[in-house]
Asker: 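Please find one structure pasted underneath; my questions will follow.
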Amino acid sequence: MARSVPLLWVLLPGLAALEPLSVGLAIGVASALTGYLSHPRFYCSYVECCPRAEQRLNATALKAQLDNRLFGQHLAKDVVLKAVLGFSNNPSPKKPLMLSLHGWAGTGKNFLSQILAEQVHPAGLRSKFVHLFLATLHFPHHDQVKLYKEQLQNWIRGNVSACPSSVFIFDEMDKMHPGVIDAIKPFLDYYEEVDGVSYRKAIFIFLSNAGGDLINKAALDFWASGKRREDIQLKDLEPLLSVGVFNNKNSGLWHSSIIDRNLIDYFVPFLPLEQRHVKMCVRAEMAARGYAVDEKIVQEVADEMTYFPKEQRIYSDKGCKTVQAKLDIHEDFVMRDTNTRG
């Protein structure tokens, strides 16, 4: 049986020809070099590593990202900031963090999930520790539910084993076949370990349009009664969402054991966006493209959006979802204006 060659002889092939003192020095240098190269701080500056158990989220950075990139969602900002920081600062949580984000398209659910992913794993959605599932892409067939549940459990088990602070995002929950998501229920529960794996440091996020009508009605009721949208509190909406989603056959969480067992930590409502919030989105997009912010263009793009109710035109029915596409139409003018100012 062939003997393996010691690492030091590979690193220093001329070692055998050296004097004893030189050999000792060379071995010391090689050992130090090997230790340095394998040190987590050096290694992880070139290769993505799972965060260490003692690492905590940067509260200031997370708040700044939410304030600068998410518009018109005071409830979502407040709830998520407190929930995520509380979870991160807890050295021994009893269960994974489970957030369910609800609201119409374009209100910021995907945006917020990306911000959270980036705070936990800087590479965000590109990280090997962040996993995005799309219901219509990954679980398209109703007759394959049993297979999907098995695959989902295996995927989550394997990835949490590799990185306890893995993030799992399930988009299009309103299009998920009922029963599929119940596969992850054992991982969300109050267990120290499941088959030798602890899931208590993982984060699970659901994104759904289900419940959006309930949220919009509540927002309209506040407006009709002369109250400010900023006065809407979580207690005004969370019970409606919990019951409404549980009883909605098109929610993906219809009669789900995850809700029945109270394993969702927060149902987070995303309010419909007003024109002032759409303008914020336009300005942010222009700045992101390196354009000078022209308020005339901002107003034109905002005016091209459609709003409801039809008579009052209070809320954008697509939120900020089509802002990028509509700004593209004005791009030539915006670029000329930017160049002129420059």
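We're numbering straight along the sequence, starting at 1.
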Asker: Would you mind telling me which of Leu99, Ile203, Val130, Val167 makes a side chain to side chain contact (heavy atoms under 4.5 Å, CB included) with Leu116?
Answerer: Leu99
Asker: Applying salt bridge (charged side-chain N to carboxylate O under 4.0 Å, His left out), run through Lys185 and Asp189 and close with a yes or a no.
Answerer: CA-CA 6 Å; Lys185 183 256 177 191; Asp189 218 327; 3.2 Å; yes
Asker: What do you reckon, is CD of Gln324 surrounded by more than 12 foreign heavy atoms closer than 6.0 Å?
Answerer: no
Asker: Using a 4.5 Å cut-off on heavy atoms from C-beta on, say whether the side chain of Thr107 contacts that of Leu271.
Answerer: no
Asker: Nearest 0.5 angstrom please: Asp67 CG to Leu62 CG, how far?
Answerer: 9.5 Å
Asker: Drop me the distance from Asp78's CG to Leu81's CG, to the nearest 0.5 angstrom.
Answerer: 7.5 Å
Asker: Are the side chains of Pro91 and Arg56 in contact, using a 4.5 Å heavy-atom criterion?
Answerer: yes
Asker: Quick check: do Val268 and Leu112 have side-chain heavy atoms less than 4.5 Å from each other?
Answerer: no
Asker: Contact between Glu304 and His330 at the side-chain level, heavy atoms closer than 4.5 Å - yes or no?
Answerer: yes
Asker: Checking Tyr199 side chain against Tyr191 main chain: does a donor-acceptor pair fall under 3.5 Å?
Answerer: no
Asker: Gln299 versus Gln275: any side-chain heavy-atom pair under 4.5 Å?
Answerer: yes
Asker: Can you see which heavy atom on Tyr148 is nearest to which on Pro140, and at what distance?
Answerer: OH-CD, 3.1 Å
Asker: Starting from Leu101, can I reach Ile259 by hopping between I/L/V/M/F/W/Y residues whose side chains sit under 4.5 Å apart?
Answerer: yes
Asker: Apply salt bridge (charged side-chain N to carboxylate O under 4.0 Å, His left out) to the pair Arg228 and Asp231, showing each step before the final yes or no.
Answerer: CA-CA 5 Å; Arg228 301 184 316 138; Asp231 293 330; 3.2 Å; yes
Asker: Checking the side chain of Ser225 only, and the main-chain atoms of Asp221 only, is there a donor and an acceptor separated by less than 3.5 Å?
Answerer: yes
Asker: Could you tell me whether a side-chain N or O of Arg229 sits under 3.5 Å from a main-chain N or O of His74, the two making a donor and an acceptor?
Answerer: no
Asker: More than 12 foreign heavy atoms under 6.0 Å from CD of Gln312: is that the case here?
Answerer: yes
Asker: Sub-3.5 Å donor-acceptor pair from the side chain of His121 to the main-chain atoms of Ala117, do we have one?
Answerer: no
Asker: Please, which pairs that meet ring pair (Phe, Tyr, Trp, His ring centres under 6.0 Å) have at least one residue in residues 214-238, sequence neighbours excluded?
Answerer: none
Asker: Donor-acceptor pair, distance only, cut-off 3.5 Å: does the side chain of Asn248 make one with the backbone of Gly244?
Answerer: no
Asker: Test side-chain contact (heavy atoms from CB on, under 4.5 Å) on Tyr315 and Glu274 and set out the steps.
Answerer: CA-CA 5 Å; Tyr315 302 119; Glu274 300 171 8; 3.8 Å; yes
Asker: Restricting to non-hydrogen atoms, name the atom on Glu285 and the atom on Val323 that form the minimum distance, rounded to 0.1 Å.
Answerer: CB-CG1, 4.4 Å
Asker: Verify the ring-centre separation between His255 and Phe246: is it less than 6.0 angstrom?
Answerer: yes
Asker: With side-chain contact (heavy atoms from CB on, under 4.5 Å) as the test, would you mind laying out the steps for Leu188 and Phe204 before giving the verdict?
Answerer: CA-CA 8 Å; Leu188 300 178; Phe204 293 81; 3.4 Å; yes
Asker: Any side-chain heavy atom of Val282 sitting closer than 4.5 Å to one from Val293?
Answerer: no
Asker: Would you name the heavy atoms of Leu241 and Pro269 that are closest together and state the gap between them?
Answerer: CD1-CB, 3.9 Å
Asker: Does Lys128, at its NZ atom, have more than 12 non-hydrogen atoms belonging to other residues, nucleotides or ligands within less than 6.0 Å?
Answerer: yes
Asker: Counting neighbours of CD on Glu192 that are heavy atoms of other residues, nucleotides or ligands and sit closer than 6.0 Å, is the number greater than 12?
Answerer: no
Asker: Is the closest basic N to carboxylate O distance between Lys95 and Asp265 below 4.0 Å?
Answerer: yes
Asker: State plainly whether one hydrophobic cluster holds both Ile258 and Trp254, where clusters connect Ile, Leu, Val, Met, Phe, Trp and Tyr through side-chain heavy atoms under 4.5 angstrom apart.
Answerer: no
Asker: Quick one: are Ser165 and Phe129 in side-chain contact, heavy atoms under 4.5 Å?
Answerer: no
Asker: Apply side-chain contact (heavy atoms from CB on, under 4.5 Å) to the pair Cys320 and His277, showing each step before the final yes or no.
Answerer: CA-CA 8 Å; Cys320 287; His277 304 124; 5.6 Å; no
Asker: Which atom names give the shortest non-hydrogen contact between Lys321 and Ala105, and what distance separates them?
Answerer: CD-CB, 3.9 Å
Asker: Can you give me the closest heavy-atom contact between Ser198 and Val160, atom names plus distance?
Answerer: O-CG1, 3.4 Å
Asker: Please check if the side chain of Ser257 supplies one atom and the backbone of Asp260 the other of a donor-acceptor pair under 3.5 Å.
Answerer: no
Asker: Is Met280 reachable from Phe111 through a run of I, L, V, M, F, W or Y residues, each pair having side-chain heavy atoms under 4.5 Å apart?
Answerer: no
Asker: Treating Gln153 as the side-chain partner and Ala183 as the backbone partner, does any N or O pair qualify as donor plus acceptor under 3.5 Å?
Answerer: yes
Asker: For the pair Phe170 and Phe206, name the ring-plane relationship: parallel under 30°, tilted 30 to 60°, perpendicular over 60°.
Answerer: perpendicular
Asker: What orientation do Phe168 and Phe133 show, parallel under 30°, tilted 30 to 60°, or perpendicular over 60°?
Answerer: parallel
Asker: Do other residues, nucleotides or ligands put more than 12 heavy atoms under 6.0 Å from the NZ atom of Lys149?
Answerer: yes
Asker: Hey, what do you get for CZ (Phe87) to NZ (Lys201), rounding to the nearest 0.5 Å?
Answerer: 6.5 Å
Asker: Under a 4.5 Å side-chain heavy-atom rule over Ile, Leu, Val, Met, Phe, Trp and Tyr, are Val243 and Met98 clustered together?
Answerer: no
Asker: Any donor-acceptor pair under 3.5 Å linking the side-chain atoms of Ser127 with those of Glu48?
Answerer: yes
Asker: Tell me if the CZ atom of Arg289 is crowded by more than 12 foreign heavy atoms within 6.0 Å.
Answerer: yes
Asker: Please report the interatomic distance CD(Gln119) to OG(Ser88), rounded to the nearest 0.5 Å.
Answerer: 10.0 Å
Asker: Leu147 and Val145: same hydrophobic cluster, using ILVMFWY side-chain contacts below 4.5 Å?
Answerer: no
Asker: Nearest 0.5 angstrom please: Lys175 NZ to Asn209 CG, how far?
Answerer: 5.5 Å
Asker: Going through the checks in order, is the salt bridge (charged side-chain N to carboxylate O under 4.0 Å, His left out) test met by Glu295 and Arg283?
Answerer: CA-CA 8 Å; Glu295 288 300 324; Arg283 294 186 190 104; 2.9 Å; yes
Asker: With distance as the sole test, does Asn90 use its side chain to make a donor-acceptor pair with the main-chain N or O of Gly86 at under 3.5 Å?
Answerer: no
Asker: Using every non-hydrogen atom in the two residues, find where Pro272 and Ile215 come nearest and quote the distance to one decimal.
Answerer: CD-CG2, 4.3 Å
Asker: Do any N or O atoms from the side chain of Glu238 and from the backbone of Phe267 form a donor-acceptor pair under 3.5 angstrom?
Answerer: yes
Asker: Give a yes or no on whether the backbone of Pro239 and the side-chain of Ser242 come within a donor-acceptor separation of less than 3.5 Å.
Answerer: no
Asker: Does a side-chain heavy-atom distance below 4.5 Å link Lys63 with Lys77?
Answerer: no
Asker: What's the verdict on side-chain contact (heavy atoms from CB on, under 4.5 Å) for Tyr291 and Ile297, showing C-alpha distance, side-chain angles and the deciding distance?
Answerer: CA-CA 11 Å; Tyr291 301 153; Ile297 299 297; over 6 Å; no
Asker: When rounded to the nearest 0.5 angstrom, what distance separates CD1 in Ile205 from OG in Ser113?
Answerer: 5.5 Å
